[in-house]
Amino acid sequence: MPITNRHEQTILAPIRRVGMGDYLLWGSLLVLMLAGLGAWIWQYIEGLGITGMNRPVYWGVYITNFVFFIGLAHSGTFISAILRVAGQSWRAPLTRAAEAITLFSLPFGAGSILIDMGHPERILNLIFYGRFQSPIMWDVTAVGLYMLSSIVFFYLSLLPDIALCRDRLTDVPNWQKRMYKVLALGWKDSPEQYHRLEKVLDGMAVFMTMLVVTVHTVVSWLFGMTVQPGWHTALIGPFFLLGAILSGTAAVVIALALLRKVYHLEEVLHNGLFNSLRKLLITFILGWLYMMIAEHLTIGYASMHEEMVVLNDKFSGTYSLVFWNMTVLVFFVPLLIFIFKGKNNVGWMVFASVLINIGMWMERYIVIIPTETSPRLFHEMGGGSYLPALPEVLITIACFAGLVFLYALFTRFFPIIPIWETAESLPGHAHNAEPAPVSSTATGD
Amino acid sequence: MDIGGLVHTFFNNAGPGGVVVMLIFGTACTIYFFLTRWIVSGGRDEAAIPDEQSVSVDA
Amino acid sequence: MPRWGMVIDLDKCFACQSCTAACRMENNTPVAGQDQAEMGRAILWNEVLPFVEGEYPNIVETMIPRPCMHCDNPACIKVCPVQATFKNEEGVVLVDYDRCIGCRLCTVACPYTVRYFNWYQPEWPEALKEHLNPEPEVKPRPKGVVEKCTFCTQRLRKAREEAEAAGRVFNATDYIPACVQTCTGHARYFGDLDDPNSLVSKLAHSPRAFRLFEELGTQPKVYYLKQG
Amino acid sequence: MATNPKSSTTNTGLSRRDFLKLGAVTVAAGAGLTALKSVDAPQSPQAAAAEERIVKTTCALCPSGCGLDVRVVNGKAVKVEGNPLHPLNQGVCCLKGQTALEMLYSPERIQHPRLQMGERGSGDWKEIPWDEALGLLSDKLTELRKAGKAHTVALLHGELRGQMRQTVQRFMRAYGSPNMISRDSLGEGAARMALWLSQGINGLPVYDINNANYVMTFGGNLLESSRNVIGYLGATAFMRRGRPQRGKLVAVHPRLSATGAKADEWIPIRPGTYGALALGMANVIINSGLYDADFVRDFTFGFDDFEDADGNKHQGFQSLVLESYTLERVSNITGIATEIIARLAGEFATNRPAIAVLPTEAGELSSGNALYTALAIHALNALVGSIDALGGVIVQRFPELKDWPTYSLDAAARTGESKERIDGAGMQFPLALSAYQNVPERVLSGKPYPLEVLLLLNANPLYDMPNDGRTLEALTKVPFIVSFASTLDESAAHADLILPASTFLEIWGDDYLEGTGYAGISLRRPVVEPVHDTRNPGDVLLDLAHRVGGPLAKALPWKDYQELINYRLSNFDWEKLEANGNWSEMIYFNAAPGSQAWKDVLGRDRLNAPQDGRFDFFSRELFALLGSDSDLACLPHFEVPATLTDSTAEALDYPFLLVTQPIITQSAQWQGIIPTLQECYGLQGYVKWDSWVEIGQKAAEALELHNGDRVWIESKMGRVQAAVRVRAGMWPNAIFLPPGQGHHTFVRWGRHADDASVVGANPNALSGFSTEPLSGLAVCGPTRVRISRV
């Protein structure tokens, strides 16, 4: 059936033709990824010695990447699952974009652990000799389950649109058609199917919300469970969780703005959406600030000796530069931008979100490294020092390039805006029991 | 064996942890597989499997 | 089964680092070389650590030899995902080099930073390979695994074999680690903490005895006797 | 297992038994996977039944000479441990001994004799067989001897152990050269001379710390690098915890060393002013009448003023000290508060037996007042009656060995013997046995005669005293230089012929038990077959003696050094000696003052002073030598070191005083070569594989220096670079550079081995070496230096 309404037409446009720009983009991203892969192979052959890690700073940029990318992975679940549970129908256009960030950042998060291991080829030991008392086993379970669940959740919400592509897109290469046919699993747009899909998605949304809370708490318990000063605090779980949601939502804003610009989806991803996200971001930044104050005030006030060593290192020591930049980048500047400049101004929103994510990467760095550089048994000149070396830089860039590459690849072959959900705003597809959503232009205050 | 001992051996020894992980992944996969099949099969029941029932009138 | 423990009398220890060298020669820990040592990657299981307090001229400088504490409630064993590090029935914390996946969670968990990581494949010039201790337990470790003081388990095994060969019952005083044997100030005592008559348990209960970070609940089994 | 009836009836869903079955199945699956995993290669089979033995030998990496048990498996030495049957170390072994295997198998060792083909120092060597090398040297020696120039052959030597010292003496004397120059004028010469001038014993003082109640070390590093480190470590441990009454250890040094940190008290003092402190304490002890009056009255001389044979008056020790070493003056000189000096003196005198320890390390007493400082410090022992007392200063006894065969000197040997020594000892420096640091100046001046051949045995003059290139200049003037070095050290690199010495684990030899007091001998025997084509210098000398022939062959008739050892130790039960690795009397018998044995401990070696069993406060030996022109020269007194009295301009330009102090990780000739020692080189600054400069806190603040900054340390003689370590335990304007680093031979190790460079810096390069007029002892400190950022 030829494309009839304009809505589908704008969303399916990007899939039409794979231009020269795409190949160029994919090529450059692939080069970066191969550089990262080469660095990892060099590290596997030579040994972890080529990184900057040493004694006592045994964990460095790789573990920071691990926490950061798992943090990014919270965007998808938050936008689609939690808002679906909360019945916020305005989230419809951006659910897939958000879940895509989750889907494509998770492998690089989990991959960072693999890269950081001394013997990656012994990964199966985790299964053969898995020991559940270790926080790493909790991580493996939680992150693994979360990855599996977000793949299924993503695929299910994609199903109707794949069927739509199968039916609508006739002038695409054959292999693409066959792919749509296979992936659509014989979807027939029947109301019963939609009804079952809605029920399953609602059920999974509840499960995913609970799961995402466990994932990032468990990631933070890698540090929380040790007795090291600066790590061993009860607040590290919620602190990391809120940081992750903040970083995830900021990532969603960036992704949406890029999509809007590249694929001219202005009227689908209208300013109202960004205004709602802006309100969310403001609350999360304030929440994150609350966590920061709660943690550092408690440590500073009680001022136990070894805790103060780490705290002073952060506030006025070697890491004071990174720490204060991080607080400014994540708290002051974005907050001011959102409050004064952000309304109806996507450009500023993106700038603030980029700042937030840079700040959040530094925040993970600040939580991990200073505790390691001032060990409890702090003898004369015993403090460690750590500078990331070439392989760590290459692999970090490769992770980011990988995320963007997968994202770009996906938007080329599948509609990034869920047509069947947004189509509800048009008559004819009365599948959703909710009342007709408020028309798009009126939202936002 | 008392509960404390059971919990201790479960958490402390190498082996059961891996089995639990496999269990969780296994059950998750099967659940999702059946869910997906159930969703997709939605279309067929309504339109009735051609051989068993008469062709339904639904569009 | 004996519960091995050690007592180090800081009044008789003169920070001569013989224990550091003896431990290396007994357990074949690799030499790191200048550039690696600058990055803090020297592997010395039994390092002597200097602590300085005070302003000139009233200075207190304590130098503490720090083997692995072989804690009864070790922070490292709790976190190992594959049980590569474990406590044998005699309370000695060991590492299985074939199973360790090199995730290094145990190295960051240990409050005493006694665990070392092989960043590179250890290597010796051809000639120097000759002097390595041939015992199987101390075969040079591959890169990518964690290693630490083991209270010289190879000496325990040999002591047991000798006792068996001589047809007598093995008792706790037959075995001492290399660092205890070579201590120039005779400051180290080693033995079974569960045997109330052993010198080690008597000294462990002396008023001068203290342990590092007792408040952490790791229950270390290396006691220090106060200097002075 | 009795089935539980209740469970079978409730068949709702999974019954407990099904659940257990399911659990069992899953565990089985897990186990299956585990089985799959552990099928990899089984543990490598135990090496073929290893041929293993324990060989007992004696260490030579520091003057102590501990007994070692070396475990040899399949002909390879795999572990060095202490010999439990050896009285000195009783089973312990210091870190140098432990790492001896990294010396034995070191890739830096010279493997064959070499001849310098190109210009000296060019490194253009040709490896030649031993015969050719020995032939070359023996021809040169015979030719010189025939030409009557036997005296133009000189031998610079460091530590010579056991029979080696007398072997070399016989070789040089029979050959006809007076120039056997020992290195101890840099270090232990001061202690030896002080003991001889005051107590009449030509030897080094030994301290019975086991039984002492109060030990005070003036300079040096008793627990890290004294002559009998291991003995004193064990003794101090016994003094503290081995006896009901805990002894006190006080360390006096401008730097807080490991000895200072582990001592009960560390007394920071202005560098080079130990003598003043000792005399200040003597002042307090005499003033308060705490000295041992009986001992002083009956067994000392020169305490009170006296009249000599021809009637002129002489000032005694008492009046000198009371007059000119008041507390205030001493406090100004030393920078120590008066009440501290008074308290130390009081403690020293009342906690008997007390010991004042003389430093014997290189560079410790080298401020131009070494002799009189040593005399002052040793006088304290006499004041409190610790001479040969239980827990006091005892005299080392030596075992009676089979006598050396007599030999007569021929004409050439007699003329050579009468010649003046090249280093001026005996003539220019009447008291000195040798003046090692004076050799370069004399060679450059060509007086009294130019040298033809220079032999270097355990000595590295280019490293010990670079003197801003003058030593190198002197070496280039000597036509033929032979080195017995084991590695290509700085001096060996400028030699013409290298006859590489084997390590102590590959040679026969012995060690006198020094530092325990009672007589003893410790056997050294080859542990493994020589790893390279190297020989024991003892064998080389015997071989040369036979090649040169004549009186030399008669003086050293043995075919090789093992035979010499067997001969000399023949009156011991050889099996027992080999089994235990040593023989000793185990007990020291203190001589009661005035008893028959007292003659052996006081005045035994006096030349022209009466052997009346009296300790000389006023040295009659010196008096006989110097005549009666000045009393002060015969009494212990304090001369302010030259560098402390420099003009303000110089003091402003070079504000800091460089202090040296040997540390325990510095092994004799193998500095910089042993990787494990490099890896724990600087304990207190936590430095590995590098040099560091220790600066006081206030000085560091003034220069805004922090830990780890690279700085230049510059003196008039040269400049070196090191990393800063800010140290609380440092005299305000003193700085410290660790000796033993900065060698041009270093082990290429680790990943970037090929571009490895010199490790650390050589502090000797900063000091100018001159000589004390009377005693011939080295004057090289405290050097004035300045610090500037790199």
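It should be emphasised that the depicted structure is a prediction, and the values quoted were computed from it without experimental measurement. Letters A, B, ... mirror the listed sequences (proteins, then strands); counts begin at 1.
Using a 4.5 Å cut-off between heavy atoms, Gln90(D) touches chain C through backbone and side chain atoms alike. Contacts between Gln227(C) and chain D at a heavy-atom distance below 4.5 Å involve the side chain alone, from C-beta outward. For Leu101(D), the parts lying near chain C are the backbone and the side chain together; criterion is any non-hydrogen pair under 4.5 Å. With a 4.5 Å cut-off on non-hydrogen atoms, Pro122(C) does not touch chain D at all. Interface remark: Arg109(D) contributes no atoms to any contact with chain C (heavy atom separation under 4.5 Å). Of the atoms belonging to Leu128(C), heavy atoms from both backbone and side chain fall under 4.5 Å from chain D. Contacts of Thr236(D) with chain C are made by both backbone and side-chain atoms, with heavy-atom separations under 4.5 Å. Using a 4.5 Å cut-off between heavy atoms, Arg41(C) does not touch chain D at all. Both the backbone and the side chain of Cys13(C) come within less than 4.5 Å of a heavy atom in chain D. Contacts between Met239(D) and chain C at a heavy-atom distance below 4.5 Å are absent for every atom of the residue. Contacts of Glu26(C) with chain D are made by both backbone and side-chain atoms, with heavy-atom separations under 4.5 Å. With a 4.5 Å cut-off on non-hydrogen atoms, Cys183(C) touches chain D through its backbone but not through its side chain.
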Walk me through it: do Lys226(C) and Asp9(C) pass the test salt bridge (charged side-chain N to carboxylate O under 4.0 Å, His left out)? CA-CA 7 Å; Lys226(C) 210 160 52 60; Asp9(C) 186 345; over 6 Å; no
Starting from the C-alpha separation in whole Å, work towards a yes-or-no answer on salt bridge (charged side-chain N to carboxylate O under 4.0 Å, His left out) for Glu161(C) and Arg157(C). CA-CA 6 Å; Glu161(C) 281 165 4; Arg157(C) 177 199 26 98; 3.2 Å; yes
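Counting heavy atoms from C-beta outward, Met6(C) and Cys179(C) have side chains that approach closer than 4.5 Å. Considering only heavy atoms from C-beta on, Tyr224(C) comes within 4.5 Å of Ile64(C) through its side chain.
Using modelled atom types and a 3.5 Å distance limit, the side chains of Tyr105(D) and Glu126(C) yield no donor-acceptor pair. Judged purely by distance below 3.5 Å, without hydrogens or angles, the side chains of Glu147(C) and Trp45(C) pair a donor atom with an acceptor atom. Under the 3.5 Å distance criterion, with hydrogens and angles disregarded, a donor-acceptor pair is assigned to the side chains of Trp689(D) and Glu679(D).
Chosen from Ala77(D), Gly696(D), Gly234(D), the residue pairing most often with chain C at heavy-atom distances under 4.5 Å is Ala77(D). Your options are Cys680(D), Cys66(D), Gly242(D), Pro107(D), and the one with the most heavy-atom pairs under 4.5 Å with chain C is Cys680(D). Most heavy-atom pairs under 4.5 Å with chain D, from the set Arg99(C), Glu38(C), Gln181(C), Glu55(C): that is Gln181(C). Heavy-atom pairs under 4.5 Å with chain D peak, among Val60(C), Asp11(C), Asn133(C), Leu132(C), at Asp11(C). When the candidates Pro30(C), Ala22(C), Cys19(C) are compared by the number of heavy-atom contacts under 4.5 Å with chain D, Ala22(C) comes out ahead. If you tally non-hydrogen atom pairs under 4.5 Å between each of Ser106(D), Gly82(D), Ala261(D), Pro84(D) and chain C, the highest count goes to Ala261(D). Most heavy-atom pairs under 4.5 Å with chain D: of the set Ala178(C), Gly185(C), Pro125(C), Ala187(C), this distinction falls to Pro125(C). Among Lys688(D), Glu224(D), Lys96(D), Arg246(D), the residue making the largest number of heavy-atom pairs under 4.5 Å with chain C is Arg246(D).
In terms of modelled atom types and a separation under 3.5 Å, the side chain of Thr259(D) and the main chain of Leu223(D) share a donor-acceptor contact. Using a distance-only test at 3.5 Å, with no hydrogens or angles considered, no donor-acceptor pair links the side chain of Asn27(C) to the main chain of Thr29(C).
The minimum heavy-atom distance between Leu683(D) and Val48(C), with the atom names listed, is CD1-O, 3.2 Å.
Classification of the Tyr56(C)-Trp731(D) ring pair by plane angle, with boundaries at 30° and 60°, yields perpendicular.
Remark: Arg155(C) is not positioned above the aromatic ring of Tyr175(C), lacking an NZ or CZ atom under 6.0 angstrom from the ring centre and at most 45 degrees off the axis.
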